[in-house]
Every structure is written in structure tokens, then in C-alpha cells.
Protein chains: 2
Amino acid sequence: MATRARRTERRRQVLSREQIIDAAIELLDAGGEGGLTVRALTDRLATGSGAIYYHVGTRDELLDTVTETVVATALDTKPAGAPATPEDEIRVVALGLFDAVAVHPWVATRLAVQLTRNPWGPVTVGIFEKIGRQMRALGVPQAIWFVAASTLVHYVLGAVSQTQIGGDTPGVESVADRKKFLEAASMAWRELDPADYPFMHAISGQMREHDDREQFLAGIALILDGIANLR
Amino acid sequence: MATRARRTERRRQVLSREQIIDAAIELLDAGGEGGLTVRALTDRLATGSGAIYYHVGTRDELLDTVTETVVATALDTKPAGAPATPEDEIRVVALGLFDAVAVHPWVATRLAVQLTRNPWGPVTVGIFEKIGRQMRALGVPQAIWFVAASTLVHYVLGAVSQTQIGGDTPGVESVADRKKFLEAASMAWRELDPADYPFMHAISGQMREHDDREQFLAGIALILDGIANLR
DNA sequence: ACCTGAACACCGTTCAAGT
DNA sequence: ACCTGAACACCGTTCAAGT
């Protein structure tokens with residue numbers, strides 16, 4: 001095996017935007033949002049900080065770019081199947097996001113940040129478009145397209161964020177931790193004063209055995225039902 | 001006017017947890033999440049950094065505490081009126097959050113962060129409880145309480161975040177800026193390729209003249225309709 | 001118990017300089 | 001055009017020391 005020991009020579013355009021994005025995603029997957037530092041990036045890519053700024057701008061811009069990349073990939077992934085119903089199309093988009101957040105938990109937080117900081121940026125628009133497009137096929141009157149699509153999008157984003165514990169939740173790293181976490185939450189609700197928290201008390205049982213994915217789909221079904229009823 | 005020039009003498013328990021929280025809220029209102037630094041806090045309160053940590057812990061913990069405070073206040077504010085229908089109660093909660101975020105825009109981001117980082121913490125539970133409690137009165141079958149309440153909560157949180165532009169959006173500070181921002185977004189959608197973005201293109205018109213609060217309430221009405229239909 | 005503030009480790013970002 | 005890396009300003013947090 002030839003020696004790999006090169007002196008720190010100048011590299012000429014071996015660093016690309018895509019390389020930086022890939023490295024950033026790896027760092028985020030490994031260490032959450034705190035895991036992405038300019039220094040960690042330059043170490044991993046064996047380059048200087050200036051090179052990062054030259055290619056992808058600010059750390060914050062990189063974070064946006066990287067979120068866009070993950071979301072766009074999730075939205076573009078089509079299941080190789082027969083032409084689906086509009087309901088199915090919506091489910092595909094929703095589950096695509098669900099799965100993307102499952103492998104890249106930091107996306108949940110960033111999605112939320114984007115929603116508030118850049119409410120009509122590419123990420124939000126991409127999701128809105130994919131889901132909203134089905135309104136016509138569903139026979140929803142155009143006057144309520146916006147509201148119907150908003151409901152779906154917000155539910156999906158919210159549910160995806162809340163479901164994917166473990167990404168940024170400190171102390172929750174494994175699936176076992178996750179289960180423990182949910183059981184602890186369920187227990188905590190049961191111990192709440194039923195006079196003050198009748199609802200949380202009542203649903204504490206459902207939390208223990210429920211399947212996330214199933215629950216998620218049930219929520220979508222409920223909204224689709226509601227929309228169907230208004231058309 | 002007597003001289004205020006005291007030497008930097010020790011103060012004895014003049015600093016309280018509440019004072020720090022109040023000061024933090026002021027800093028956040030003035031400068032967004034970036035405006036809250038430990039140093040800015042110690043300057044404003046004329047104290048040392050250790051005192052902050054002694055009373056409220058970490059900056060991140062303070063951020064959580066402060067969000068809890070604002071949300072709890074919003075949830076506790078009752079309109080002095082007659083006993084309301086369950087639908088009205090839900091609207092009161094939703095609008096309470098809407099208004100709280102309007103005056104404290106940074107709450108939108110923090111609400112989202114809490115949803116992903118501490119999905120069943122006091123803030124989320126508080127909101128869930130207030131809204132979920134109405135499910136029984138609405139006659140919703142208990143089997144779908146969780147899903148029905150989730151839909152409402154996620155819609156409210158998402159809509160509130162996306163509606164309140166100006167809080168953390170750089171370059172958007174005044175109401176006029178906000179209007180310009182929305183018009184620019186609307187224009188941008190119109191310029192999108194209708195082949196790629198038929199939906200955004202179709203609803204771009206609705207964005208210009210719509211009233212946020214009205215739209216927000218329309219969304220809630222839609223979900224309540226959907227829920228009513230399932231009971 | 002409550003507070004001080006210097007010290008520490010670690011950030012993101014810039015920019016003159018190199019090729 | 002692309003990259004380097006020292007330098008800068010500014011963070012959050014700790015902790016020995018004071019009262």
C-alpha cells in the first residue's frame with residue numbers, strides 16, 4: 001500500500017459544495033445540531049474555514065441548504081408502484097417526511113425553524129405544493145384549498161416532530177431509551193392530578209402500546225375524512 | 001436629585017427568579033433569540049453571570065422557563081364572558097396562543113423546538129390538555145381523542161408559527177415589511193413554473209388580501225367540522 | 001444562601017495572503 | 001477561482017472567593 005502521507009499541499013478544486021453538504025449531514029446525524037461546527041467540518045474535510053464559506057456560506061445557510069437537500073430527496077422518492085389515488089399520494093409524501101426525520105432527527109427541529117423563520121421558503125413551498133396539488137383531484141372546492149392543505153401540512157410537520165423523539169432529546173439515544181421515555185411520560189401523566197389534567201390522564205393508556213406510524217396515518221385519515229366531508 | 005452613584009456593593013437577595021425571567025423576556029422581545037445572552041442579562045440586571053446560573057440555570061433552561069411562563073399566561077387568560085361552548089373554548093386557547101406569539105414572536109421558534117426536543121414537557125402538555133379536554137364535551141369517541149386533539153394542536157402550533165412572520169425573519173420588522181414580505185412571496189409563487197407548482201400558483205391570489213386571524217379561525221373551523229363528522 | 005467576576009474553552013466569521 | 005489559517009469578537013459556563 002503506497003504511503004498516503006502527503007504534505008499539506010494546496011488542493012485545487014477538489015472541494016465541492018456537494019462534499020461539504022454530505023459531510024455536514026454526517027456530522028448532524030452523528031451529533032445533532034451541536035455536532036455541526038465549522039471546525040468539525042474543516043477537520044473532516046481537511047480544509048480551512050474559508051473554503052467552507054466560499055462554497056456554502058454561513059453555518060446557518062449551510063443548515064438551510066442541508067435541510068432543503070434532505071427534504072427534496074424525501075419528496076422526490078417515489079415508490080415504484082401503480083398510479084395511486086390522491087389520498088395515497090398524500091400518504092406517500094407524509095411517510096416520506098416521517099422516514100426522513102427518522103434517519104435524520106435534526107431535520108425535525110430545522111423544519112420547525114424554517115417554518116417560523118422563512119415560512120414560504122423552498123422547503124415549505126415544496127411540501128405545500130406536493131400535498132396541495134392533490135386538492136383538485138380530491139374534489140375540494142378551490143376556496144378552501146389553502147386551509148385544507150395547511151391543515152394537512154401542519155399536522156404532518158407537527159406529528160413528525162413530536163413523534164421522532166431521540167433526535168435532539170438529551171438522554172434518549174436508543175430505541176430502548178425511547179420506549180422508556182414514552183413509558184415515563186405515560187406514567188407522569190397518570191400521576192398528574194386528574195382534576196387538573198383529566199384529558200392527559202384519560203389518554204395516558206393509549207401512549208404505551210400505540211404504534212407511531214399507525215397513529216400518524218390515523219391522523220391523516222381523520223383529516224382526509226374531514227376534508228372529504230366538506231367537498 | 002440625589003446621587004445614584006453607589007459603589008459596586010454586594011446586594012443581598014434583591015435578585016429574584018422572576019426578575020431574571022422578566023428581563024429575559026424583554027431582551028427576547030427586543031432582539032429575538034439572539035438578543036438573549038448571559039452578558040446582556042447581567043448588564044441589564046447589574047449582576048454577575050454566576051447569579052443567573054444560581055437562580056435559573058443554563059441559558060437553555062432559562063429559555064424553556066421563559067417559554068413556559070408566556071404559554072402558561074396565554075392559556076390562563078380567560079375572556080370575561082359567559083360560559084362558552086367547547087368549540088369556543090378551543091378557539092379561545094388557539095387565539096390566546098396566536099396573540100401571545102404576536103407579541104413575543106420568538107415564542108414560535110421555541111414552541112417548535114420544545115415540540116421536538118421535549119415533546120411531552122409542560123408546555124406541550126398544557127396545550128394538549130386545554131384542547132383535548134373539550135373532546136368529551138364535543139362528543140368525540142374516546143378512541144380518537146388523541147388523534148383529534150393532535151390534529152388541532154399541531155394545526156394551531158404550525159399555523160401560529162407560519163403566520164407570525166416578522167419575529168425572527170431577518171429584514172422583516174414592521175407591519176409594512178410584513179405586507180411587503182407576503183406580497184413578494186405571492187409574486188414569487190406566481191412566477192414559479194405553473195407546470196412544476198400548479199398549486200402554489202393557484203393559491204397565490206388568496207395570499208394577498210387574506211386576513212391572518214380569519215384564515216386561522218377558518219382552519220380551526222374546518223378541523224372541528226371534520227371531528228364533528230366522526231363522532 | 002447568595003453573589004462576584006476573572007478565567008476557560010469553544011464558538012462563527014473575516015481577510016490578507018498565497019497559488 | 002479557489003483555498004489557507006491566524007486573528008478577532010463574542011459566546012456559555014465554571015468556580016474560587018467573598019459576604
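The figures here come from the full heavy-atom set of this structure, side chains too, leaving out hydrogens, waters and symmetry mates. Chain naming here is simple, since letters A, B, ... match the order of the sequence lines and numbering starts at 1 in each.
Between the side chain of B:Lys130 and the backbone N or O of B:Leu75, at least one donor-acceptor pair lies under 3.5 Å. B:Glu129 places a side-chain N or O within 3.5 Å of a backbone atom of A:Met200 that can act as its donor or acceptor partner. B:Gln162 contributes a side-chain N or O that, together with a main-chain N or O of A:Pro119, makes up a donor-acceptor pair within less than 3.5 Å.
Between B:Ile52 and A:Ala51, the residue whose closest nucleotide on DNA chain C is further toward the 5' end is B:Ile52. Residues A:Gly48 and A:Arg39 each lie close to DNA chain D; by heavy-atom proximity, the contact nearer the 5' end of the strand is made by A:Gly48.
Aromatic ring centres of B:Phe216 and B:Phe98: separated by under 6.0 Å.
Atom CG of A:Leu36 and atom P of C:dT13 are 11 Å apart (whole Å). Rounding to whole angstrom units, CG of residue A:Leu63 and C1' of C:dC11 are separated by 15 Å. The interatomic distance linking A:Leu45 (CG) with D:dG5 (P) rounds to 14 Å, in whole Å. Rounded to an integer number of Å, the gap from A:Glu61 CD to C:dT13 C1' is 12 Å. Regarding A:Leu41, its CG atom lies at a distance of 14 Å from the C1' atom of C:dT13, rounded to whole Å. In this structure, A:Tyr54 places its OH atom 6 Å from P of D:dA1, rounding to the nearest Å. Distance CG (B:Asp43) to C1' (C:dG5): 12 Å, rounded to an integer number of Å. Going from atom CZ of B:Arg59 over to atom P of D:dG12 covers 5 Å, rounded to whole Å.
Judged by distance alone, with hydrogens and angles left aside, B:Ser49 brings a side-chain donor or acceptor within reach of the base of D:dT14, the pair sitting under 3.5 Å.
OP1 or OP2 of C:dC3 sits under 4.0 Å from a side-chain N or O of B:His55.
In the set C:dC3, D:dC11, C:dT13, C:dT13 carries the atom at the smallest distance from any side-chain atom of A:Thr58. Of the candidates D:dC2, D:dG12, C:dC2, D:dG12 carries the atom nearest the B:Val38 side chain, counting heavy atoms from C-beta on. Candidate nucleotides D:dC3, D:dC11, C:dG12 were compared by shortest atom distance to the side chain of A:Leu15, and D:dC3 ranks first.
When the options A:Phe128, A:Phe146, A:Trp120 are evaluated for a ring-ring contact (aromatic ring centres under 6.0 Å, His included) with B:Trp189, the one that passes is A:Trp120.
Across all strands shown, D:dG5 forms a Watson-Crick or G-U wobble pair, both distances under 3.5 Å, with C:dC15.
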